[in-house]
Amino acid sequence: MNTHKRDPRLEIETLSDSLRTYQRAYYVDARPLVSDLEYDRLLDQLQTLEEEYPHLRFPDSPSQRVGSDLNSEFPDFVHTIPVLSLDKAYKSEEVSSWMAKTEAKVAQELSFVVEEKMDGVSIVLYYEKGLLVRAVTRGNGLVGNDVTANLKTIASIPLRIPEQEHVAVRGEVFLPKEEFLTLNKRMETPYANPRNLAAGTIRRIKSSEVAKVPLRIYVYEGFWQGEHTFSDHISILATLASYGFSLNPNIALFSKSREDSQKRLEKASLGGKALCYADLDAYVEEHTARRSALPYEIDGLVMKVNELSVREILGYTEHHPRWALAYKFESPQAQTVVENIEVQVGRTGRITPVARVAPVLVGGSTISNITLHNQDYIDMLELSIGDSVEISKRGDVIPAVERVIEKNEEGNKVWTLPKTCPSCSTALVVRGAHTFCPNPTCPDQVSSRLKFFVGKAQMDIDSFGPETITTLIDLGLLKDVSDIYTLDYERALSDAPGFGEKKISAIKAGVEKSKSQSFRRVLVSLGIGEIGKKAADLLVESGIISMDALLEIADRDDEETLTAIKQIGPKSARLLIDGLKDPSMRVRIERLRKAGLNFEEKKIDAPSLVQSFANQTWCVTGSFEHFNPRSLALEEIGRRGGRTTSSVTGKTTHLLAGSGSGSKLVQANKLGVKVVDEEAFLSLLEGEKPKKKSEDVQGEFSFQ
Ligand code: IVH
């Protein structure tokens, strides 16, 4: 018989309470209350008890922070709030002018909160009745991935908040710079920057692995469901802090006077700098300079209207709230040496010079190759091998050589493109600003075409990697993309080193699967001039839904039918026709047809509708009951053949006006644009019945 009676529930609760207190002290307040050893001992006790009494393992138990060894999946989750992005500015004057304009728009004195723009991974935390039920990545803003188990391991995310509320909290998961450097050193393939490492970690399939990475989060927005009486953003931030969330302490409030800002911050009981409008430029400048001294990466500042009632008036565009603006820092710059300049032959034969530079860190990622575009660009820079150069990441993404800082000492002259193709020795030809290899069977060109063809956005055959392509080209077996479907892979590769049975069957399976790719994708994969996804979509959506229809147009030299499609200009039309008339392209097309690829658009995602909005141009404004987010209304218009624009102009034929419509409604009335409210719009939509599948879709579209 037991000598002392145990109450496991009470024990678990007591242990959990202490652990929660210690976790918060350690991770949120950075003030540890107990030694690591003591903490681990308590956690161990809790885990043992939970194993013994699994029904007492609660979703907000501190043991959840440790993660599990089970593989988790990241199912899609449709956000219940629109997870919008931010409008951007690059100059501090743009920021002040945005502030002034915003004030003028609402004709009222405003205050603005300025926060750091964290360069991490955007996350939405959903709380229901106070319990963290879901953590979801931003995804495309509408649908993200459920990464709850992994995010629960981040100690600064409360698993339960003190109020039984339904709240969605937005924040940024990040890895401090120092932790990044330490961890990255141990990685087999190091990550380019802390953001990528954080993003990679969040998608690890074992949450126990995630728990080992010291990820952190700063939250910056809260969206409450139901009644709540916040009047400003700083009160929301203060409430989030009181709930146990970590906030970035570097915030500033700008209003008409410093005293006023101070009063407001005090009233909300929130820390932060109290400043006035006149301080803005200096603040931005100072913060930009301080950036590299911060322990984490930021890529700008975010300016937000503080007054929530005004936020409501200002509303949202499809992409961003009108009450916020991101000030992005100037592209980061660095200095390095051009060690060599090589040329690449693209799939169209275009020759691109690429600078190989001594690896250097710019804005958090390592740069070693930089495109130099064409001879004009090199001439403009007067660039030679061995020169020291300043490089930047334009728009923070694409690295570019900005200028030569110091010429090389070897006396190397300005670099010039070779006269012959480095791959096939054919004499190069100049067309406009670019230089081309005119030999369609050039090995490098063939290889680029193949890489493009199997690429993710085209036929998406991921088992067909660069190694497979090179091996098969070297064996002389792969001369054209169409060979992919006729090759006997067992015979071709069984003796090739590195190609085992498993790999060969993966290649075969990938090739087979690609046969079901849609006609649009096949069209793009052919690599005709500049015909990418956008053009393919336009063609198919305008009713040209088969290869034969397209070939007929090309054979008739019928530019007009193509240019009648909005957004297809004479230049693209010509390129498309010439591309399709090219004899080697014809051979390729016929061989692909024989292989059984889709030469007709079969599956149309949504049932095809009568094109009742054809020739109409709609603008959508305000908010709606049935179309939330508003993009749902835009989709309905598009599905019925209508065009949509983001502003009311002379070309606009209809304005769909929801509640809170402002300047667009005024503009529409001024221009005599037909204004339609939600109810009328719904009945316009309901007037339609889905078309029967057997009907000829092509006839419904108009080319005007
Ligand atoms: S507010 C509707 N505040 O920047 C609310 N975003 O480029 C819009 N970001 O997707 C976001 N720090 O992931 C906001 N202090 C901050 C931020 C921040 C970083 C990210 C966020 C957003 C992206 C937009």
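Both ligands and their constituent atoms are indexed starting at 1 by order of listing. These numbers come from the heavy atoms of this one structure, side chains and all, not from hydrogens, waters or symmetry mates.
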Quiz prompt | Sub-4.0 Å heavy-atom contact, A324 with ligand 1 | solution = no

Quiz item: Does ligand 1 have an atom under 4.0 Å from some heavy atom of K304?
Solution: yes

What is the closest protein heavy atom to [atom], and at what distance does it sit?
| atom | value |
| --- | --- |
| atom 20 (C) of ligand 1 | E172 OE1, 3.6 Å |
| atom 12 (N) of ligand 1 | M118 N, 3.0 Å |
| atom 18 (C) of ligand 1 | Y220 CZ, 3.4 Å |

Provide the number and element of each atom of ligand 1 under 4.0 Å from a heavy atom of [X].
| X | value |
| --- | --- |
| P321 | 2 (C) |
| E115 | 3 (N), 15 (N), 16 (C) |
| S85 | 7 (O), 24 (C) |

Self-check item: R216/E179 salt bridge by N-O under 4.0 Å criterion
Solution: no

Quiz item: Does the distance from a Lys or Arg side-chain N to an Asp or Glu carboxylate O, for R264 and E307, drop under 4.0 Å?
Solution: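 A salt bridge is present here (some side-chain N lies under 4.0 Å from a carboxylate O).
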
Please check if atom [atom1] in [X] has more than 12 non-hydrogen atoms from other residues, nucleotides or ligands closer than 6.0 Å.
| X | atom1 | value |
| --- | --- | --- |
| E94 | CD | yes |
| E390 | CD | yes |
| Q108 | CD | yes |

Region of [X] engaging ligand 1 - heavy atom pairs below 4.0 Å:
| X | result |
| --- | --- |
| V302 | side chain |
| R170 | side chain |
| K117 | both |
| R138 | side chain |

Exercise. Using distance alone, decide if ligand 1 has a nitrogen or oxygen within less than 3.5 Å of any nitrogen or oxygen in F223.
Key: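 N/O-N/O distance under 3.5 Å: no.
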
Quiz item: Is the closest N or O pair between W323 and ligand 1 shorter than 3.5 Å?
Solution: no

Exercise. Taking atom types as modelled, find out whether H626 and E636 have a side-chain donor-acceptor pair closer than 3.5 angstrom.
Key: no

Self-check item: Exercise: do S63 and S61 side chains pair donor with acceptor under 3.5 Å
Solution: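 The criterion, which ignores hydrogens and geometry beyond distance, is satisfied for S61 and S63.
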
Quiz item: K152 versus I157: any side-chain heavy-atom pair under 4.5 Å?
Solution: no

Quiz item: Angle class for the Y283/H287 ring planes (parallel below 30°, perpendicular above 60°, tilted otherwise)?
Solution: tilted

